> 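A single structure is presented below for examination.
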Amino acid sequence: MVAVKDSTELDEMFDLIEAMNVPQGYRAEIIEGEIVLNPQREMHSTIIRMLTRSLEDARGMDYPGILWDVRVDFPGCLNGFAPDVALVREGARKNEKDLYRYQDLDLVAEVVSRSSRRDDFGAKLKTYAVAGVPTYLIADPKTGLVHVYHAPGDDEYTDETTYTFKSKFTLPYPEIPIDTSLWPRD
């Protein structure tokens, strides 16, 4: 099992973020020790809402383990991410800090923005694979492509499938149908 390093320092950094009074429409996370603010645009939130609706259709409207922009600490040096969408395994319980553990995630999804592209396809792709998250979905409204990474190996995903917006597909794990027919493009 890979350990989350510097947990206390991550807590201190998130306390700092709370004290910063992050402007409305931005989300803050800590990626490899840097506090990163990314703007949330309407198109971004529309895709998150539609993806969340697909997860709710599969798991039920009252399923408590569908998260968006909620802190999860990941392995590596100071990685406190707030994934756009995360699906928690059934039966998972929060830890003593009232957070879900990365080991309890079945799916993580990010919607790419201009400012998050490098992290979504770089640091997060590697970190989610190292953490053993079974499926990582990246929706890219600029290119109109959905990248589904699956089957994490030692430090990378061993399988990638790409779909176009306007398509329907089923995630490899968990087996959840996704309909992108109404997802907006940038």
Side-chain angles (χ1 to χ4, degrees), residues 24-29 31 36-72 74 81-90 92 100 102 104-153 155-186:
Q24 186 175 5
Y26 283 79
R27 111 180 135 145
E29 9 182 38
I31 302 172
V36 178
L37 297 176
N38 283 309
Q40 300 283 14
R41 296 181 23 220
E42 182 179 344
M43 174 188 34
H44 191 99
S45 65
T46 298
I47 294 170
I48 291 170
R49 183 173 44 81
M50 291 179 171
L51 177 57
T52 300
R53 191 171 292 152
S54 292
L55 299 177
E56 288 172 341
D57 288 347
R59 293 286 168 95
M61 291 292 287
D62 59 347
Y63 184 74
I66 300 172
L67 314 175
W68 54 97
D69 294 337
V70 173
R71 174 185 169 187
V72 178
F74 286 91
F81 299 167
D84 288 331
V85 178
L87 181 65
V88 179
R89 272 191 195 105
E90 290 187 54
Y100 285 106
Y102 69 86
D104 294 327
L105 301 181
D106 281 336
L107 165 74
V108 172
E110 300 285 0
V111 180
V112 177
S113 65
R114 280 176 257 215
S115 58
S116 73
R117 178 172 299 281
R118 182 189 62 157
D119 291 327
D120 292 342
F121 283 102
K124 287 184 176 185
L125 176 63
K126 182 175 176 85
T127 299
Y128 293 147
V130 167
V133 176
T135 302
Y136 175 35
L137 181 150
I138 302 176
D140 189 343
K142 183 174 177 71
T143 63
L145 298 174
V146 180
H147 303 271
V148 178
Y149 296 91
H150 181 63
D155 59 357
E156 66 182 6
Y157 284 97
T158 59
D159 182 51
E160 177 190 0
T161 306
T162 303
Y163 304 94
T164 60
F165 279 32
K166 310 293 181 227
S167 63
K168 295 178 184 181
F169 58 90
T170 299
L171 293 173
Y173 180 86
E175 292 183 4
I176 293 177
I178 304 295
D179 181 356
T180 67
S181 60
L182 297 176
W183 288 14
R185 295 249 350 236
D186 196 7

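As the structure is a computational prediction, the values presented were derived from the model and not from experiment.
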> What's the separation between atom CG in L51 and atom CG in D179, rounded to the nearest 0.5 Å?
11.0 Å

> Mind checking whether D84 and D69 have side chains closer than 4.5 Å, heavy atoms only?
yes

> Between E110 and D119, is any pair of side-chain heavy atoms under 4.5 Å apart?
no

> Tell me whether the count of non-hydrogen atoms from other residues, nucleotides or ligands lying under 6.0 Å of CZ in R185 goes above 12.
yes

> Return the minimal non-hydrogen interatomic distance between D120 and Y136, and the atom names on each side.
O-OH, 2.7 Å

> Calculate, to the nearest 0.5 Å, the distance between atoms OH and CZ belonging to Y102 and F74 respectively.
9.5 Å

> Show your working on side-chain contact (heavy atoms from CB on, under 4.5 Å) between V88 and L105 and close with a plain yes or no.
CA-CA 4 Å; V88 179; L105 301 181; 3.9 Å; yes

> With side-chain contact (heavy atoms from CB on, under 4.5 Å) as the criterion, how do V112 and T143 come out once you've worked through the C-alpha distance, each side chain's angles and the decisive distance to 0.1 Å?
CA-CA 10 Å; V112 177; T143 63; over 6 Å; no

> Using ring centroids (six-membered ring only for Trp), state whether Y149 and Y128 fall under 6.0 Å.
no

> Quick check: are there more than 12 heavy atoms from other residues, nucleotides or ligands sitting under 6.0 Å from NZ of K142?
no

> Closest approach of V111 and H44, non-hydrogen atoms and distance?
O-CE1, 2.8 Å

> Which atom pair, heavy atoms only, marks the closest approach of V133 to Y157?
O-OH, 2.8 Å

> For T52, run the side-chain contact (heavy atoms from CB on, under 4.5 Å) check against R49, M50, E56 and tell me which one passes.
E56

> Is the side chain of S181 donor-acceptor paired with the backbone N or O of S167 at a distance under 3.5 Å, no angle test?
no

> Any heavy-atom pair between the side chains of V148 and F169 that's under 4.5 Å?
yes

> Please report the interatomic distance CG(D106) to CD1(I176), rounded to the nearest 0.5 Å.
8.0 Å

> In sequence, state the C-alpha distance, the side-chain angles, and the governing distance for I138 and K124, and then conclude on side-chain contact (heavy atoms from CB on, under 4.5 Å).
CA-CA 10 Å; I138 302 176; K124 287 184 176 185; over 6 Å; no

> Just how far is it from atom CZ of R53 to atom CD1 of I66, taken to the nearest 0.5 Å?
12.0 Å

> Rounded to the nearest 0.5 Å, what separates atom NE2 in H150 from atom CD in E160?
13.0 Å

> Heavy-atom count check: over 12 atoms from other residues, nucleotides or ligands less than 6.0 Å from R117 CZ?
yes

> Using modelled atom types only, decide if a donor and an acceptor are shared between the side chain of T158 and the backbone of A151 within a distance under 3.5 Å.
yes

> What I'd like to find out is whether the side chain of K168 reaches to under 4.5 Å of the side chain of S54, using heavy atoms alone.
no

> Please report the shortest heavy-atom distance between P141 and A139, naming the atom on each side.
CD-O, 3.4 Å

> Would T162 and V146 count as a side-chain contact (heavy atoms from CB on, under 4.5 Å) if you check the C-alpha gap in whole Å, the side-chain angles of each, and the deciding distance to 0.1 Å?
CA-CA 6 Å; T162 303; V146 180; over 6 Å; no

> If we only count heavy atoms from C-beta on, is the I178 to Y163 side-chain gap below 4.5 Å?
no

> Taking side chain as C-beta onward, heavy atoms only, is P174 less than 4.5 Å from R59?
yes

> So for atom OH, which belongs to Y63, do other residues, nucleotides or ligands contribute more than 12 heavy atoms lying within a distance under 6.0 Å?
yes

> If we only count heavy atoms from C-beta on, is the F81 to V108 side-chain gap below 4.5 Å?
no

> Looking only at heavy atoms, what is the nearest atom pair of P64 and Y100, with distance?
O-OH, 4.5 Å

> Give me the atom names and distance for the closest heavy-atom approach of P152 to A129.
CB-O, 3.5 Å

> Quick one: does any side-chain atom of T135 pair with a main-chain N or O of Y173 as donor and acceptor, under 3.5 Å?
yes

> Do the non-hydrogen side-chain atoms of I47 and P184 ever get within less than 4.5 Å of each other?
yes

